Student: 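Here's a structure for you.
Remember, it's a predicted structure, so these values are computed and weren't measured experimentally.
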Amino acid sequence: MTVGTHARRARVRVTGAASVAVRPVLEAQRRPARVLAVFPQGVYLEVRTDLEPSVIAVITGEAVRLPNSVLLGAHLPPVTVGDDASVGDRVIELGPLTLGVRRWWDPAPPLGPLDAAALAGAAALLDGPPNPGLAGNGTVGMLASSCADGWLLGAVTAAEQLVGLGPGLTPSGDDVLAGLLVTLRHLGTATGAERAVRLAGWLAATVTYDARTRTTPISATLLHCAAHGAASPEVTAVLRGLAGRQALRPALRRLHRLGHTSGSDLAQGIAIGVTAILALSGTQPPGPNATIGRESREPNATVGRESPERTSMSGAPATASGGTP
């Protein structure tokens, strides 16, 4: 008598290296997950958890190393969207694959001290990114001018409007915001621009609040990563180039090649962040293209100067997932 029609697949056990950004989810109690998207070089898993990031990218070495990635040195198993998986206890179960996390890598390496004048010189090399997804969008212009002016109300209003704006797994508005947040965190800290770092905190609280209901799951996860300064190597390479730690132009070219418009959108956010850091630290911004859509106005509230407390819909102060800005 035939007991079954399919042979039981043998499990394949491998080890991998994970981003510390997803460490809380990977080290938590094991939870069910599902395959959210499948690509030749990677699989996105959505974990059923209230923790963030809730989406983990399981990738091979040829894929873009997003800040929520687990890198494995083996072939991906054949899976389809909707398949079940599990994540936790430092293990990912995906089809016949058992992936144990044994090593960690940092998606938010610090830059070290940087003189604002040196940043201004490097920023002069920032050309306008090719084909940004929101070219000419007035909300992007409002975000840029508000950040540079230190106008908190304008900045958070524009950020709220940009979350989830545009098509795709990572909408253009989210990519602009991610590039901005990472830049304010890293270069603001490196130059000692405290107002820029505080601005990053307010914007992080704004864009991560209820992000899961306002944009795609993968983009919500990447916004949470960016709120802590975590990004792909292509983004951090540009920041290192601006800080004089490596060549800037080749790093910009690599960033611009990411996705359909994602690289250009991230670069646009970086440019907005650099201009804001220079303006808020009292350093002369570079060139006319540095202030995208900037308009003169009398700010109702400025970052670091009697900024009003931002409240969430529940009435409690809105904070980023890492704490109070």
Student: Could you check if a side-chain atom of Arg240 sits within less than 4.5 angstrom of a side-chain atom of Leu111, using non-hydrogen atoms only?
Tutor: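 When only atoms from C-beta onward are counted, Leu111 and Arg240 do touch, with a gap below 4.5 Å.
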Student: Is there a side-chain contact between Thr183 and Ile272 in this structure, where contact means two heavy atoms from C-beta onward sitting under 4.5 Å apart?
Tutor: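 Side chain of Thr183 against side chain of Ile272, heavy atoms only: no contact under 4.5 Å found.
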Student: What is the minimum heavy-atom distance between Gly16 and Leu99, and which atoms define it?
Tutor: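 That closest heavy-atom pairing would be N-CD1, 3.6 Å.
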Student: Taking atom types as modelled, find out whether Asn131 and Ser264 have a side-chain donor-acceptor pair closer than 3.5 angstrom.
Tutor: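 Side chains of Asn131 and Ser264: no pair found under 3.5 Å.
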Student: Which atoms form the tightest heavy-atom contact between Ser69 and Val64, and what is the distance?
Tutor: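 Heavy atoms only, the tightest pair is OG-O, 4.3 Å.
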Student: Grab the two heavy atoms, one from His228 and one from Ala108, that are nearest each other, plus how far apart they are.
Tutor: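 Nearest pair, atom of His228 first, then Ala108: O-CB, 4.2 Å.
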Student: Taking side chain as C-beta onward, heavy atoms only, is Ile56 less than 4.5 Å from Leu26?
Tutor: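 The answer is yes; the side chains approach within 4.5 Å.
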Student: Of all the heavy-atom pairs spanning Ala178 and Leu266, show the shortest one and how long it is.
Tutor: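 It is CB-CD2, 4.0 Å.
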Student: When you compare the side chain of Asp265 with that of Leu134, does any pair of heavy atoms fall below 4.5 Å?
Tutor: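 No - every pair of side-chain heavy atoms lies 4.5 Å or more apart.
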Student: For the residue pair Asn68 and Ser19, establish whether any side-chain heavy-atom pair is separated by less than 4.5 Å.
Tutor: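 Not touching, per the 4.5 Å side-chain cut-off.
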Student: Does Val20 reach the side chain of Pro107, with side-chain heavy atoms less than 4.5 Å apart?
Tutor: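 In contact.
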Student: So do the side chains of Pro171 and Thr216 get within less than 4.5 Å of each other, counting heavy atoms only?
Tutor: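 Yes - at least one pair of side-chain heavy atoms lies under 4.5 Å apart.
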Student: Atom CD1 in Ile59, atom OH in Tyr44: separation rounded to 0.5 Å?
Tutor: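 Result: 8.5 Å between the selected atoms.
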Student: Test of understanding: clusters of I, L, V, M, F, W, Y form through side-chain heavy atoms closer than 4.5 Å, transitively. Do Ile218 and Leu45 belong to the same one?
Tutor: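 No: no chain of side-chain contacts under 4.5 Å links Ile218 to Leu45.
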Student: Hey, which of Arg11, Arg13, Arg31 is the one that makes salt bridge (Lys or Arg N to Asp or Glu O under 4.0 Å) with Glu93?
Tutor: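 Checked Arg11, Arg13, Arg31 against Glu93; only one passes salt bridge (Lys or Arg N to Asp or Glu O under 4.0 Å): Arg11.
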Student: Heavy atoms only: give me the nearest Ala159-Thr206 pair and the separation to one decimal.
Tutor: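 That closest heavy-atom pairing would be CB-CG2, 4.3 Å.
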Student: Rounded to the nearest 0.5 Å, what separation is found between the CG atom of Leu71 and the CD atom of Glu62?
Tutor: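 Leu71 atom CG to Glu62 atom CD measures 9.0 Å (nearest 0.5 Å).
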Student: What closest approach, in Å, do Pro24 and Leu51 show between heavy atoms, and which atom pair accounts for it?
Tutor: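 Where Pro24 meets Leu51 most closely, the heavy atoms are O-CD1, 3.8 Å.
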Student: Going from CZ on Arg90 to CZ on Arg23, what distance comes out if it is rounded to the nearest 0.5 angstrom?
Tutor: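 Here the interatomic distance stands at 5.0 Å.
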Student: Once you round to the nearest 0.5 Å, how far does OG1 of Thr275 lie from CG of Leu180?
Tutor: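 It is 10.5 Å, given to the nearest 0.5 Å.
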Student: Partners of Glu46 by salt bridge (charged side-chain N to carboxylate O under 4.0 Å, His left out), sequence neighbours excluded?
Tutor: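 With neighbours one apart ignored, the set is Arg34.
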Student: For the OG1 atom of Thr208 and the CZ atom of Arg214, what is their distance to the nearest 0.5 Å?
Tutor: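 That separation rounds to 10.0 Å.
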Student: So Leu97 and Val79, do their side chains get closer than 4.5 Å, heavy atoms only?
Tutor: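 Side-chain contact under 4.5 Å: no.
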Student: Should Arg212 and Glu52 be marked as a salt bridge (charged side-chain N to carboxylate O under 4.0 Å, His left out) after you check the CA-CA gap, both sets of side-chain angles, and the distance that decides it?
Tutor: CA-CA 10 Å; Arg212 290 194 195 184; Glu52 283 290 353; 2.6 Å; yes
